[in-house]
Trainee: 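Take this structure first; my questions come after.
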Amino acid sequence: MSIQHNKKYKRHTVTAALPYANGPIHVGHLAGVYVPADIYVRYLRLKGEDVIYICGSDEHGVPITIKARQEGVSPQQIVDKYHELIKVSFMEFGISFDVYSRTSDPVHHETAAGVFRTMYEKGAFVEKDSEQYYDEENRQFLADRYITGICPHCSYEKAYGDQCENCGTSLSPTDLINPRSMLSGNKPVLKKTRHWYLPLDEHEPMLRKWILESHKHDWKPNVYGQCKSWIDQGLQPRAVTRDLDWGVKLPLENTEGKVLYVWFDAPIGYISATREWGETHGKDWEKYWKDPESKLVHFIGKDNIVFHCIIFPVMLHAEGSYILPENVPANEFLNLEGDKISTSRNWAVWLHEYLQDFPGKQDVLRYVLCAAAPETKDNYFTLKDFQARNNNELLAIFGNFVNRTLVLTHKYFDGCVPKAGQLMDADREALESLAGFPGIIGKNIEQYRFREALAQMMNLARLGNRYLTEAEPWKVFKENPARVQTVLNTCLQLCAGMALLAEPFLPFTAKKLQAMLNLEARAWDQAGKQELLGPGHRVNKAELLFEKIEDVQIRAQVDKLLETRKNNNQGQSAPPVKPPVSFDAFSAMDIRVATILEAEKVPKTKKLMKIRVDSGLDRRTVVSGIAEYFEPEALVGKKVLLLANLEPRKIKGIESHGMLLMAENNEGALTFVIPEERFENGSPIS
RNA sequence: GGCGGGGUAGCUCAGGUGGUUAGAGCGUCGGAUUCAUAACCCGAAGGUCACGGGUUCAACUCCCGUCCCCGCUACCA
């Protein structure tokens, strides 16, 4: 179906998710986004299509300003560092962006502000005043992340305004107990501020028609399902502005200290980057975004589906002059050796480190990541698999066939392509199969089935190995050298096909192979054609395309990860000691021995348990978030410690009077804190 | 709890408007071979297609329920 679609399109605009410039690139990013997108655009270029491949660093947002504060540098210095690192490692890895821009660039600020202004003038936004925390000393509004306080759930003292890192709960700044500004340390005050909202709900009919009706069958199930879920749940207006000084300034009067919210400015980065490319290359960039004959495709990970399928399209639609994406082939997540990849926990294989540790092996990683890409569900990357795919597939099948062919060509024909004689069935079959491959591989790529496309590419090499083994030229040569001419001619045609068809997947290898064959670059559809290498054409000496990866190399990488895991388990499992408290503050808490009388799960919740306890003073109800770890029956009769004078609070409609004390390990599992002996209910703790 | 995605050979994955022996690659085992980086080639073993019901002449494929994994979402005082 995509093949027919392409006929409608004159050009392709391909974007890859903008990496956030607060850390380096890892294998998860690559497998999910950059490798598939790169395969896609390299293929389109070989097809002779007009295509641009857009990316850049996403450099705004609060996390970057926090990181800058922590390191005592400016946000610009943070993004400069990572932008450069990311850009260089992408280039070295062969990700063939036409432009890799950045959102701190003036072109972007101008473009993003322009989109905002156009939308503003069209009345696309709703203005709303609200109360937000403000630091009077620094005279600025505080981002959620800039407010700390005591987590109302776990009493962790350094919870942030958006999330408690100790218990993982997401919070809102006003939930925090005893909030403090991270800038001045003062208690922030609530102050009125005005923000602009994008009323996503008003665009629901458009989204329903566009996604749920017209893309029902050509979007991936995970993407379509997620969109449907969001739309059906009802969309809410979303604030597009923030009180912050790092970002794109609002292009309106009297809006000092306000910037575009990072999710609003980031996707516009694709447009800015295209504009930058157009200006530096003397091209009309607007066609790529505004002409309905342009096919816009966003490559992203599943965490970005909502932004690229709902929010950004609504923005483009509301702006009025832009096209909407034709497809958003989002991938799932790649895990690493049994655990989620985590930048903060350093659980990752970093691209820039890989390039150092495995020089010249870009294609190996590209191959492995494509073969194990999480196209339909999360998948695991393991170093053992990496080694096996290199040694048993790339080397043993692809590299080996090329090597065998070239060695034999030199051995029997002095490096000249022999002339084919009378074709036998086997020869004909091999050549016919070859002719089918550009179409088969291409069709899979156009349908975003990169794993299958890659497997087909390898099948060409498999076919070559089988053909060569069955033809046995090394046996036949003595009595029938003419037959060997035909056989090796056929093998060389297969190699030439591989040299072209491998390019989207293994660009470095393809180049090497083309050089070995003295083959100049050709268009994709030429790959099936015979006589890419005419009789008498000289080929160069065989060089190895891949080398074996030994156990020691893999072990070194595994050790590196084990070291990380060890550090994580030691350093981070125990949260840091909280700031000192006075004795008075401690003794203000009234903790008692109590006994659980009844327990039942709160309906329609995952974690909540409604518990009736005898505190020695009274019988009371406590709601506790422990249902994931305990069965209600197992709790009855248990001695527990109860924080008895905690302010009552309604949870899911149930009034909770106090809180049960629990210990939590680094896996998040809970256990009761109990007195060693069965003391009477009501016994105080001090 | 709600919503979405997924649960198919040891591993990574295909597949199917329901229809004879459920596929591929890798791994394993056996054979053959030497042109090739002990690689290639041939063959074999391996699956009650998560589980339980239902519809049907027939289900892995459709329907209902349950369980497990991932994500979004509510909840964790």
Side-chain angles (χ1 to χ4, degrees), chain A residues 150-155 164 167-170 175 177 220-233 301-303 305-306 330 332-333 335 340 368 371-382 384-385 388-389 391-393 395-397 399-412 449 451-452 454-456 458-459 461-462 464-475 477 484 487-488 491 542 544-548 601-609 622-628 643 646-653 656-660 662 668 670:
Chain A
I150 298 169
C151 173
H153 305 181
C154 69
S155 302
C164 171
C167 65
T169 312
S170 57
D175 294 339
I177 299 162
K220 293 172 64 165
N222 58 338
V223 177
Y224 182 87
Q226 189 67 53
C227 291
K228 186 170 186 322
S229 172
W230 271 72
I231 294 169
D232 287 346
Q233 275 174 34
K302 67 173 162 186
D303 52 332
I305 289 174
V306 167
E332 302 282 307
F333 286 153
N335 299 317
K340 286 180 202 192
V368 174
E375 282 180 6
T376 53
K377 61 178 176 190
D378 289 358
N379 199 2
Y380 285 90
F381 175 88
T382 65
K384 200 169 142 256
D385 183 58
R389 287 195 188 270
N391 294 352
N392 306 332
E393 296 179 30
L395 187 155
I397 295 169
N400 192 217
F401 174 62
V402 170
N403 191 240
R404 298 170 80 189
T405 300
L406 289 185
V407 166
L408 288 169
T409 303
H410 280 279
K411 180 167 177 177
Y412 295 131
R449 297 157 57 127
R451 279 190 315 221
E452 178 63 18
L454 181 70
Q456 288 297 339
M458 289 300 287
N459 277 344
R462 288 194 179 91
N465 277 317
R466 192 179 323 117
Y467 168 80
L468 183 56
T469 300
E470 283 168 5
E472 299 182 304
W474 47 91
K475 273 193 183 166
F477 188 70
V484 174
V487 170
L488 281 184
C491 286
L544 299 180
L545 289 173
F546 304 99
E547 55 189 27
K548 193 159 184 175
K601 270 199 81 170
V602 179
K604 298 193 175 187
T605 68
K606 191 154 69 178
K607 300 186 180 176
L608 297 184
M609 190 90 81
V622 172
V623 178
S624 188
I626 60 173
E628 279 184 302
L643 177 55
L646 189 67
E647 289 178 356
R649 170 108 176 207
K650 257 199 174 172
I651 301 161
K652 278 277 167 187
S656 177
H657 298 268
M659 141 179 191
L660 303 185
M662 312 291 297
L670 300 174

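Predicted model only: the values in this text are computed from it and were never measured. By convention in this document, chain letters (A, B, ...) are assigned in the order of the sequence lines, proteins followed by strands, and residues within each chain are numbered from 1.
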Trainee: Ignoring the backbone of A:Asn403, work out which of B:rC26, B:rG71, B:rA36 is nearest its side chain.
Mentor: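 When the side chain of A:Asn403 is considered, B:rA36 is the closest of B:rC26, B:rG71, B:rA36.
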
Trainee: Would you mind telling me which of B:rC41, B:rA39, B:rU34 lies closest to the side-chain atoms of A:Thr469?
Mentor: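 In terms of side-chain proximity for A:Thr469, the closest of B:rC41, B:rA39, B:rU34 is B:rC41.
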
Trainee: If you check every side-chain atom of A:Lys548, which of B:rC70, B:rG25, B:rU37 has the closest atom?
Mentor: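 Closest nucleotide to the A:Lys548 side chain: B:rU37.
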
Trainee: If you check the A:Ile397 side chain, which of B:rC41, B:rC26, B:rA36 turns out closest?
Mentor: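 For the A:Ile397 side chain, the nearest candidate turns out to be B:rC26.
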
Trainee: Between C1' on B:rC70 and CG on A:Asn335, what's the gap in Å once rounded to a whole number?
Mentor: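 That distance rounds to 8 Å.
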
Trainee: From the options B:rU33, B:rC35, B:rC70, select the nucleotide whose nearest atom is closest to the side chain of A:Lys475.
Mentor: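 The answer is B:rU33.
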
Trainee: Across the strands shown, which category fits A:Pro473 at heavy-atom distances under 4.0 angstrom: base, sugar-phosphate, nothing?
Mentor: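 The residue A:Pro473 makes no contact with any strand.
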
Trainee: A:Leu643 near the nucleic acid: base, sugar-phosphate alone, or nothing, with a heavy-atom cut-off under 4.0 Å?
Mentor: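 Since no nucleic acid heavy atom lies under 4.0 Å of A:Leu643, the category is nothing.
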
Trainee: A:Lys377 side chain N/O closer than 4.0 Å to the phosphate oxygens (OP1, OP2) of B:rA14?
Mentor: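 For B:rA14, neither OP1 nor OP2 has a side-chain N or O of A:Lys377 closer than 4.0 Å.
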
Trainee: Counting only side-chain nitrogens and oxygens, does A:Thr376 get under 4.0 Å of the OP1 or OP2 atom of B:rA14?
Mentor: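 So the side chain of A:Thr376 is within the cut-off, an N or O lying under 4.0 Å from OP1 or OP2 of B:rA14.
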
Trainee: When you compare B:rC35 with B:rC41, how far apart are their C1' atoms, in angstrom units rounded to a whole number?
Mentor: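 Between the two C1' atoms, the distance is 13 Å.
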
Trainee: Quick check for you: among B:rC35, B:rG25, B:rU12, whose closest atom lies nearest to any side-chain atom of A:Arg462?
Mentor: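 Closest nucleotide among those given: B:rG25.
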
Trainee: Can you figure out which of B:rC26, B:rC3, B:rC35 approaches the side chain of A:Ser229 most closely?
Mentor: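 Within the option list, the nearest is B:rC3.
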
Trainee: For B:rC42 and A:Arg466 - does any side-chain N or O of the residue sit under 4.0 Å from the phosphate oxygens OP1/OP2?
Mentor: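 Answer yes for this pair, as a side-chain N or O of A:Arg466 is under 4.0 Å from OP1 or OP2.
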
Trainee: Distance check needed: B:rA36 C1' versus A:Asn391 CG, whole Å only.
Mentor: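 The answer, rounded to whole Å, is 16 Å.
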
